[in-house]
*Asks:* 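Here it is, the structure, as C-alpha cells.
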Amino acid sequence: MLINLRDICAIAEQGNMAVAAVNSASLEAVRAAVDVAEQTGYPIIIQHAEAHEQVVPLEAVAPMVVGIAERSSATICLNLDHCEHLSYARRALELGFGGVMFDGSALPYEKNVEYSRRVADMCSDFGAGLECELGSMGSREGGASDEGSTAEEAGVIYTDPDQASEFISATGLDILACSFGTVHGIYKGEPHLNFDVLTEIRKRVNVPLVMHGGSGVSDSDYVKAINSGIRKVNYYTYGAKYAGEAVRATIDKAVATNPDAIVYWHDMTCAAYESFVNTFEHIVRVFANGAEPIA
Ligand code: 13P
C-alpha cells in the first residue's frame, strides 16, 4: 500500500519512532526494503535521489516501485530525495511519488523559501507531502564514496532553531530536514551529533523532523535522536557499502575456485539482496524504538 510522506511520518510521530528512508538505487535494495517492511510490519520509505538519475532514471524506477508497493501489504511511501529542480519534482509527482524533499539548502534563505513554497503548491495539487531543509548538510547527496567527512570538513551549517518555525510557515512544508552534525557518505571518524540543536528545534516546531546522513550512526545515537523528535532517518551509504562487501566476497569465492567464473551472475544479486535485508531489518527494528508494528 502506498501512502504519502505526511501520513507515513504521522504514523512515526504517533509511535515515537522513526521510519527508515532507504534509497532505490538498485532492484535489490527496493525488493529488500519492501520485504523487510512486510516481514516486520513497520512502514518504510523508498527514495529516489535526483543525483541518482544517471544510475536509475526516474521514469524507470517510479513504475517499478509504484507497482511493487501497490501490490504489497506493507505501508510504503515513495519519496523524491534531494530534488533541486522544480521540473524534476513535477515529473516525480506525475509518476506517483507521495513526497518530495526539495533541497534549497545551497540557496540564499529567501530563494530557499520561494522555491520550497512553489514545490509545496505542486505537492498539494498531487496530495503529496513536502520535506525541506534548513541549514546545510554541506556535502551533497550522491552516494559517491569520496563524500562524507567530519561535519566541519563537509561544511555543515546547523539548522537555526530560531529560524525553523518561520521557515515552516513561510514554505508550507510538512516535515523538516535538520542539520545537527550528521554528514552524507562515509564518516571519517565518529559522528558527533549535536542533540542540543535538535532539542531546541523540537521545542519550537511541531512538524516531524528528519535526519539526513543517517547511515553510519550508532544505534544509541539513533535512539537518542528519535527520542528528541527525529521521525525519518535517511539511510543509504552504509547499506550500499555492506552490500558491496557481500558482493565482493561472492566474487572472490567464485574466482578462487574458477578463475574463469562469470562473476556478473545471480549469486551477486542474491548476496546484495541478502545484505540489504539484514541491514534494513536491523535499522527498521532500532528505529521502531519499541513501537508496535502497524501491520
Ligand atoms: P547517508 O549517506 O548517511 O546514507 O545519508 C543518506 C541521505 O541522507 C540521503 O538523503
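Heavy atoms only: backbone and side chains are in, while hydrogens, waters and symmetry mates are out. First listed ligand is number 1; within each ligand, the first listed atom is number 1.
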*Asks:* Pick, from Gly213, Ala240, Ala177, the option with the minimum heavy-atom distance to atom 5 (O) of ligand 1.
*Replies:*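 Looking at heavy atoms only, the winner is Gly213.
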*Asks:* What atoms of ligand 1 come within less than 4.0 Å of a heavy atom belonging to Asp81?
*Replies:*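 Going through ligand 1 atom by atom, the ones under 4.0 Å from Asp81 are 9 (C), 10 (O).
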*Asks:* Does Tyr273 have Arg31 sitting over its ring (NZ/CZ under 6.0 Å from centre, angle to axis within 45°)?
*Replies:*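 Positive - Arg31 is close enough to the ring of Tyr273 and near enough to its axis.
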*Asks:* Near His212, which atoms of ligand 1 are under 4.0 Å from a heavy atom of that residue?
*Replies:*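 Counting atoms of ligand 1 from 1, those under 4.0 Å from His212 are 8 (O), 10 (O).
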*Asks:* Under 3.5 Å, is there a donor-acceptor pair between the Glu133 and His212 side chains?
*Replies:*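 No - no donor-acceptor pair under 3.5 Å links their side chains.
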*Asks:* Against heavy atoms of Gly214, which atoms of ligand 1 measure under 4.0 Å?
*Replies:*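 Heavy-atom distances to Gly214 below 4.0 Å select 3 (O), 5 (O).
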*Asks:* Need the ligand 1 atom indices (1-based, order shown) with element for anything under 4.0 Å from a heavy-atom of Asn234.
*Replies:*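 Per the distance check, 5 (O), 6 (C), 7 (C), 8 (O), 9 (C), 10 (O).
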*Asks:* Which atoms of ligand 1 are found less than 4.0 Å from any heavy atom of Thr237?
*Replies:*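 Heavy-atom distances to Thr237 below 4.0 Å select 1 (P), 2 (O), 4 (O).
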*Asks:* Pull out every atom of ligand 1 sitting under 4.0 Å from any heavy atom of His82, numbered as shown with elements.
*Replies:*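 It comes down to these atoms of ligand 1: 10 (O).
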*Asks:* Pick one of side chain, backbone, both or neither for how Met101 approaches ligand 1, counting any non-hydrogen atom pair under 4.0 Å.
*Replies:*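 For Met101, there is no contact with ligand 1 at all, from either part.
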*Asks:* Side-chain donor-acceptor pair under 3.5 Å between Asp219 and His282, yes or no?
*Replies:*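 Short answer, yes.
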*Asks:* Measure from the ring center of His184 to the ring center of His82 and say whether it is less than 6.0 Å.
*Replies:*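 They qualify: ring centres under 6.0 Å apart.
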*Asks:* Compute whether any side-chain donor of one residue and acceptor of the other, for Glu166 and Tyr109, lie under 3.5 angstrom apart.
*Replies:*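 Yes.
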*Asks:* Does Gly185 have a heavy atom less than 4.0 Å from any atom of ligand 1?
*Replies:*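 Judged by the 4.0 Å heavy-atom criterion, Gly185 does count as contacting ligand 1.
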*Asks:* Please find the pair of heavy atoms, one from Glu28 and one from Thr269, that lie closest to each other, and give the distance.
*Replies:*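 Shortest heavy-atom contact: OE2-CG2, 3.0 Å.
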*Asks:* Which atoms form the tightest heavy-atom contact between Pro208 and Asp174, and what is the distance?
*Replies:*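 Here Pro208 and Asp174 meet closest at CD-O, 3.5 Å.
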*Asks:* For Gln47 and Tyr236, what are the C-alpha separation, side-chain angles and deciding distance, and is it a side chain to side chain donor-acceptor pair (under 3.5 Å)?
*Replies:* CA-CA 10 Å; Gln47 311 203 112; Tyr236 173 60; over 6 Å; no
*Asks:* Are any of the N/O atoms in Asn23 less than 3.5 Å from those in ligand 1?
*Replies:*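 No.
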*Asks:* Which atoms of ligand 1 have any heavy atom of His184 under 4.0 Å away?
*Replies:*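 What qualifies from ligand 1 is 2 (O), 5 (O), 6 (C), 7 (C), 8 (O), 10 (O).
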